[in-house]
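Atoms within each ligand, like the ligands themselves, are counted from 1 in listed order. Basis for what follows: all heavy atoms, side chains included, without hydrogens, waters or symmetry-related copies.
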Amino acid sequence: MGQAYSYQCDHCGYEENFNQGHGFLVHSQPLRDYLKQPLQIFHYKTHRLLQKLAQENRPLFLKAGFQIYKCPHCKTLHDKIEVTVYDDDEVVHKTEFRCNQCKSRLKLTNIHRLKKAICPKCHRRTFHRNHTYLALWD
Ligand SMILES: [Zn+2]
Ligand SMILES: [Zn+2]
C-alpha cells in the first residue's frame, strides 16, 4: 500500500502529487517469476539488467515501488520507481536517479520529516505539503 502526498506552492500556487509506497507495482517476488509475465513495467534498460541478473544462478527477489527523492542541489522533489533486487538480505541492485536539471544524484527523502522544498515552477522555498489532502492506494 502507498500514499500520495500533495505539495503546493504558497507563492505561485503550483501543485504536485508525489507517490510513495511499495507493493503498488511489484510485491516482493522471485525475479524469474516477474520476468515470466508479459508486461514490462520498467524502463527498458532496467528490464535488460533484470534479465541479465536472472541468468545468474541465484534465487533473486525483486521489489519495486514509488519513492520520493530530493535533489541535494536544486532541493526539488521527484517521485521515481525504485527497483530493488536482492539475494536474501543482500541488495544486488538498486536503481539510482539523477536530477533532470543539474544531473546530481537524487537522494531518498523522508517525506514525513520534510516540511518544505523548492517549488519547481517559481524556484522559491515555498513549496510545502498540503495536509488536508491525503490519498491512499493499493
Ligand atoms: Zn511556486
Ligand atoms: Zn538538481
Problem set entry | side-chain contact (heavy atoms from CB on, under 4.5 Å) partners for Arg124, two or more places apart | His11, Cys122, Thr126
Exercise. Short check: any N/O/S atom of Cys12 below 2.8 Å from the Zn ion (ligand 1)?
Worked result: yes
Exercise. Which heavy atom of Thr109 sits nearest a heavy atom of Gln20, and at what distance?
Worked result: O-NE2, 4.2 Å
Seminar exercise, completed: Here the gap from His128 atom NE2 to Tyr7 atom OH, rounded to the nearest 0.5 Å, amounts to 10.0 Å
Name every donor-acceptor pair, under 3.5 Å, that has one atom in a side chain of residues 39-51 and the other anywhere in the protein, sequence neighbours excluded.
unit_1: His43; atom_1: ND1; unit_2: Lys45; atom_2: N; d: 3.2

For this session: List for me each residue that meets side-chain contact (heavy atoms from CB on, under 4.5 Å) alongside Glu82, sequence neighbours excluded, and say none if there are none.
Result: His22, Gln67, Tyr69, Thr84, Lys94, Thr95, Leu108
Exercise. Given side chains that start at C-beta, do those of Leu77 and Glu16 come closer than 4.5 Å, heavy atoms only?
Worked result: no
Exercise. Can you tell me if an N/O/S atom from Cys9 lies under 2.8 Å from the Zn ion (ligand 1)?
Worked result: yes
For this session: Return the set of protein N, O or S atoms whose distance to the Zn ion (ligand 2) is under 2.8 Å, each given as residue and atom.
Result: Cys71 SG, Cys74 SG, Cys99 SG, Cys102 SG
For this session: Report yes if some heavy atom in the side chain of His93 is under 4.5 Å from a heavy atom in the side chain of Lys52; otherwise report no.
Result: no
